[in-house]
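All residue numbers in this chain count up from 1 along the given sequence. The analysis underlying the following values was restricted to heavy atoms, covering all of them including side chains, and did not include hydrogens, waters or symmetry mates.
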Amino acid sequence: MRVLRNSAWIFTSGGVTAVLSFFYLAIITRTLGPALFGVFALILSTNRLTVALLRFETWQTIVHFGIKHLEGGDPRKFASLAWLCI
């Protein structure tokens, strides 16, 4: 029963967030006008792109490709891969 109740809270919060985001965008659009809303959208897009680039998970590259170098007995290639990822 607790699982259902907690799941309902999670799914309800997502819906409420979507509705509130719609109202927030409507208010921002009317307040800023088309030109400044375009600037606002550009700033948000740049922010999302920056976050996506900074969240790039290089550990996956090290695990995927580095294990081949370690199993092949070539720790220098592994070290250069790790240095590149860092």
Side-chain angles (χ1 to χ4, degrees):
M1 187 65 181
R2 287 177 50 189
V3 171
L4 292 175
R5 185 180 57 207
N6 291 339
S7 297
W9 273 106
I10 290 172
F11 294 129
T12 303
S13 68
V16 169
T17 302
V19 170
L20 291 177
S21 288
F22 179 73
F23 287 120
Y24 135 78
L25 280 176
I27 292 169
I28 291 290
T29 304
R30 286 186 151 268
T31 304
L32 293 178
L36 289 178
F37 183 74
V39 172
F40 176 71
L42 186 62
I43 291 170
L44 285 181
S45 300
T46 305
N47 182 25
R48 296 239 174 170
L49 177 65
T50 304
V51 167
L53 289 174
L54 292 177
R55 286 183 134 190
F56 185 68
E57 297 176 353
T58 56
W59 67 269
Q60 292 179 353
T61 304
I62 293 173
V63 169
H64 183 75
F65 297 106
I67 194 71
K68 294 175 186 175
H69 297 307
L70 288 177
E71 286 179 344
D74 196 357
R76 290 181 95 182
K77 285 187 178 180
F78 176 77
S80 66
L81 177 69
W83 180 252
L84 176 69
C85 288
I86 291 172

So do the side chains of Ile62 and Phe78 get within less than 4.5 Å of each other, counting heavy atoms only? yes

About how many Å separate CG of Leu81 and CG of Leu70, when rounded to the nearest 0.5 Å? 9.5 Å

Quick one: pull up CG in Leu36 and OG1 in Thr29 and give me the separation to the nearest 0.5 Å. 11.5 Å

Could you list the donor-acceptor pairs under 3.5 angstrom formed between side-chain atoms of residues 37-61 and any protein atom two or more places apart in sequence or on another chain?
residue : atom : partner : partner atom : Å
Ser45   : OG   : Ala41   : O            : 2.8
Thr46   : OG1  : Leu42   : O            : 2.8
Thr50   : OG1  : Thr46   : O            : 2.8
Glu57   : OE1  : Gln60   : NE2          : 3.0

Output a table of donor-acceptor pairs, distance under 3.5 Å, between side-chain atoms of residues 4-28 and any protein atom two or more places apart or on a different chain; print 'none' if there are none.
residue : atom : partner : partner atom : Å
Asn6    : ND2  : Arg2    : O            : 3.3
Ser7    : OG   : Val3    : O            : 2.8
Thr12   : OG1  : Ala8    : O            : 2.6
Ser13   : OG   : Trp9    : O            : 3.3
Ser13   : OG   : Ile10   : O            : 2.7
Thr17   : OG1  : Ser13   : O            : 2.7
Ser21   : OG   : Thr17   : O            : 3.0

